[in-house]
Every structure is written in C-alpha cells, then in structure tokens.
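For reference, the structure is listed below as structure tokens.
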Amino acid sequence: MQEKLTKILSEAKEQLEKATQLSEAEEIRVKFLGKKGELTSILRSMGKLEPEERKKLGMAANNARNEIEAMLEKKKEAVKGKVKDIKLKAEAIDVTEPGKEVELGSKHPITVTIEEMTSIFESMGFSVTEGPEVETVYYNFDALNAEPNHPARDMTDTFYINKDIILRTQTSPVQARTLEKEKPPIMILAPGRCFRCDTPDATHSPMFHQVEGMVVDEGITMGDLRGVLDKFAKDMFGSEVKTKFRPHHFPFTEPSAEMDVSCFKCGGKGCRVCKGSGWIEVLGCGMIHPNVLKVGGIDTEKYTGFAFGIGVERIAMLKYGIDDIRLMYENDMRFISQFK
Ligand code: DAH
C-alpha cells in the first residue's frame with residue numbers, strides 16, 4: 001500500500017508537471033482524487049486494514065491527497081497566470097506606434113451650394129428661416145393661390161400622406177407661414193428639401209432642394225426684384241454674366257417671370273452647357289400675388305413684395321459641371337470628395 005501511494009504521488013507529480021491547460025489539470029484531479037480515482041480507492045480500501053496499519057496508512061494517504069491538491073492548486077494558478085500573460089501580450093498597445101492619420105471630410109456639393117447662395121443673400125440683408133418638409137395642402141397650395149384643380153395638386157405629382165398632409169413640393173409654403181406670423185419689412189430666405197413624384201433621371205429626382213426668397217415692404221417693385229436677383233447671379237456665376245427676365249406663370253406671383261443668366265461657360269456664344277442658346281434658366285420669381293399677401297394678413301394697399309425660388313441642384317450642376325443629378329445622392333466618395 002505504502003509503495004502504491006508513493007507511486008501515485010510521483011505519477012501525479014509527473015503528469016501535473018507536463019500539464020499546460022486547466023482541462024488537463026482537471027483530468028488529473030479526476031484520475032487521482034475523483035470518486036473513482038486511484039487515491040480515493042486506496043482510502044476506501046483502508047477499512048479492511050488493522051487499526052494500527054490503518055492509522056499509519058491513513059495519515060500517509062491523507063498527506064498524499066493534500067500534496068496532490070496543493071500541486072493541483074499551484075498548477076491551476078500557473079496556467080491561469082500564463083493565459084493572462086498571453087492575453088496581455090496580445091492586447092498590448094504599442095504606444096510608440098505613429099497615430100493613424102485622420103482624413104478631413106468634405107462638404108456635400110448641395111451643402112456647399114446652399115451655403116454660397118445663403119451667404120450671397122445674407123450680404124443683401126436676408127435672414128434664413130425654415131419650414132417643415134411634411135407640409136399641409138393648405139400652406140403648399142391653398143394659401144399660395146393655387147387653383148383647386150391645379151395639376152401640381154395631383155396624386156401623380158405630389159406625395160400625399162393623407163388628403164390634407166403632403167411632402168412639400170416647393171419651399172414656397174414658407175412664404176405663407178412667414179406672412180402669417182411676421183410683419184413687414186420682411187426679407188427672408190428659406191432653403192430646404194422638396195419632394196415630387198418624379199422618376200429619377202439625369203435631371204430629375206423625387207427629392208431635391210430649393211432656396212426660397214421673399215421680400216415684403218412698402219414700395220417694393222419689380223425693379224427691386226431685378227436688382228436683387230441680378231446681384232445674386234453675378235455673385236454666383238461671375239460679375240460678367242447678364243440676366244434676362246422672361247414672362248412666366250406661377251399661381252402665387254403676378255406678374256411672374258423666369259430669370260435666365262447669360263452662359264458663364266461660353267459667354268453667350270452658345271455651347272453644350274447652354275444648349276446653344278447662350279442663356280441658362282436659373283430661377284422662378286415674381287411680384288407676390290395680392291391674394292397670397294391677403295391670406296397672410298398683409299395690408300395690400302400698403303405693402304407689396306417679390307419672391308423667388310431657386311433649384312439648388314440645378315445651380316450646383318451648372319456651377320460644377322455635374323451632368324447627372326443622381327450623382328449627388330449616391331455618395332460615391334470619388335465624386336463627393338471633390339467639393340470642399
Ligand atoms: N415654387 C416654384 C417652383 O417650385 C418656384 C418659384 C417661382 C418660387 C416663383 C417663387 C416664385 O417664390 O416667386 O417651381
């Protein structure tokens with residue numbers, strides 16, 4: 001028995017020395033100290049021995065068990081320590097490594113264009129305001145003097161949320177909202193997103209941007225409109241560009257016009273950008289219809305005003321020579337990072 005104990009002890013020692021993993025240590029524990037373990041069976045069989053002998057061997061067996069247990073404990077700690085070392089090494093941070101370069105982002109061409117337009121108009125005294133993108137039929141059409149059967153009201157042109165609520169098709173409702181709450185003199189600029197049921201192609205997108213402008217005060221004339229928009233055109237496209245106003249129709253202005261600029265690419269001779277005409281259409285404008293002023297509670301005997309609406313994408317495309325509007329919504333870094 002004594003011999004057996006010595007053998008078990010040395011075997012356990014040897015095996016534990018070789019063990020490198022917690023699972024191996026556990027196997028060794030089961031093998032020697034488990035219910036059916038080698039040492040356990042010796043302890044069990046001790047009942048058959050003489051008392052004297054039992055006492056002696058019992059002590060030796062208990063010592064052996066304690067020793068194995070202590071070795072096991074030591075091994076476990078060692079293995080755990082090693083695992084920790086490996087983990088620490090793997091997670092170690094090299095503080096001497098040079099940092100990753102942070103790439104500077106660039107502004108989206110639409111943002112760049114809106115900012116440029118805004119700063120031109122701000123320099124003339126306009127202040128920027130905003131209106132909701134989810135708009136009522138009332139502000140988008142009714143308050144803007146659009147006839148009840150105006151084609152733009154059609155479900156095929158406008159995104160309806162319900163019969164009274166739509167995604168605004170233009171930034172013009174901001175005019176109606178501003179007239180309701182402000183008193184002249186009014187000089188506002190309202191950039192923002194608009195929505196129309198358009199199938200995307202090179203020049204159409206169901207979501208696009210406009211910049212709306214409105215001036216209301218005593219004695220405002222078409223001359224003021226022309227002066228402001230001519231200054232805008234020159235600041236935006238170059239001091240040499242000329243402007244021209246063509247009669248047009250919008251429900252909320254009377255008279256209404258579209259403004260063309262002389263082609264800043266060819267100087268008016270005719271090229272691809274101006275499609276040979278020498279002129280490029282850039283915006284809609286007009287003297288605010290008295291009905292619109294009245295709905296907004298403005299005294300039309302005293303006040304007059306003008307308004308304009310500019311398509312931001314169109315301006316960006318002209319200015320940067322972008323030939324497909326869809327490029328502006330794809331967020332391809334190769335395209336988008338060209339604008340600063
Ligand atoms: N809202 C018009 C459109 O989307 C653009 C426009 C034209 C706005 C004339 C105006 C304006 O304020 O006076 O086509």
Are the side chain of Asp260 and the backbone N or O of Lys244 linked by a donor-acceptor pair below 3.5 Å? no

pair Val134-Leu167: side-chain heavy atoms closer than 4.5 Å: yes

More than 12 non-hydrogen atoms from neighbouring residues, nucleotides or ligands closer than 6.0 Å to NZ on Lys181, yes or no? yes

Cys197 vs Phe159, test: side chain to side chain contact (heavy atoms under 4.5 Å, CB included). Steps then yes/no. CA-CA 6 Å; Cys197 302; Phe159 290 111; 3.7 Å; yes

If only atom types and distance count, is the side chain of Thr158 paired as donor or acceptor with the main-chain N or O of Met155 below 3.5 Å? no

Mark yes when over 12 heavy atoms from residues, nucleotides or ligands other than Lys7 sit less than 6.0 Å from its NZ; otherwise mark no. no

Residues 72-90, side-chain donor-acceptor partners within the protein, below 3.5 Å, at least two apart:
| residue | atom | partner | partner atom | Å |
| --- | --- | --- | --- | --- |
| Lys75 | NZ | Leu16 | O | 3.2 |
| Lys75 | NZ | Glu17 | O | 3.3 |
| Lys75 | NZ | Ala19 | O | 2.9 |

Tell me whether Thr136 contacts the main-chain N or O of Tyr139 through its side chain, where contact means a donor paired with an acceptor under 3.5 Å. yes

I'd like to know if Lys234 and Glu240 make a salt bridge, using a cut-off of under 4.0 Å between side-chain N and carboxylate O. no

According to the interplanar angle, ranging from 0 to 90°, do the rings of Phe250 and Phe252 count as parallel (below 30°), tilted (30 to 60°) or perpendicular (above 60°)? parallel

Output, in order, the C-alpha distance, side-chain angles, deciding distance and verdict of side chain to side chain contact (heavy atoms under 4.5 Å, CB included) for Val295 and Tyr138. CA-CA 11 Å; Val295 170; Tyr138 174 76; 3.1 Å; yes

Salt-bridge contact Asp142-Arg153 (side-chain N to carboxylate O under 4.0 Å): yes

Can you tell me how far CG of Leu104 sits from CD of Glu101, rounded to the nearest 0.5 angstrom? 10.5 Å

Under the side-chain contact (heavy atoms from CB on, under 4.5 Å) rule, collect the residues that match up with Lys183, sequence neighbours excluded. none

Under 3.5 Å, is there a donor-acceptor pair between the side chain of Arg226 and the main chain of Phe245? no

Go through the steps for Met46 and Glu53 under the test side chain to side chain contact (heavy atoms under 4.5 Å, CB included), then give the verdict. CA-CA 9 Å; Met46 232 168 286; Glu53 189 79 341; over 6 Å; no

Sidechain N-carboxylate O distance under 4.0 Å for Lys31, Glu27: no

Using a strict threshold of under 4.0 Å (side-chain N to carboxylate O), is an ion pair present between Glu26 and Arg29? yes

Is it the case that atom CD in Glu103 sees more than 12 heavy atoms from other parts of the structure closer than 6.0 Å? no

N-O pairing of Arg196 and Asp157 below 4.0 Å: no

Pair Phe335-Met328, side chain to side chain contact (heavy atoms under 4.5 Å, CB included): steps then yes or no: CA-CA 8 Å; Phe335 170 77; Met328 288 195 267; 4.1 Å; yes

For the residue pair Ser205 / Asp198, report whether a side-chain donor-acceptor contact shorter than 3.5 Å exists. no

If the plane angle is over 60° it's perpendicular, under 30° parallel, otherwise tilted; pick one for Phe126 and Phe308. perpendicular

Solution key, residues 309-326 side-chain donor-acceptor pairs under 3.5 Å, sequence neighbours excluded:
| residue | atom | partner | partner atom | Å |
| --- | --- | --- | --- | --- |
| Glu313 | OE1 | His209 | N | 2.8 |
| Glu313 | OE2 | His209 | N | 3.2 |
| Glu313 | OE2 | His209 | ND1 | 2.7 |
| Glu313 | OE2 | Tyr329 | OH | 2.6 |
| Arg314 | NE | Glu281 | O | 2.6 |
| Arg314 | NH2 | Glu281 | O | 2.6 |
| Lys319 | NZ | Glu116 | OE1 | 3.3 |
| Lys319 | NZ | Glu116 | OE2 | 2.9 |
| Lys319 | NZ | Met236 | O | 3.0 |
| Asp324 | OD1 | Arg326 | N | 2.9 |
| Asp324 | OD1 | Arg326 | NE | 3.0 |
| Asp324 | OD2 | Arg326 | NE | 3.4 |
| Asp324 | OD2 | Arg326 | NH2 | 2.8 |

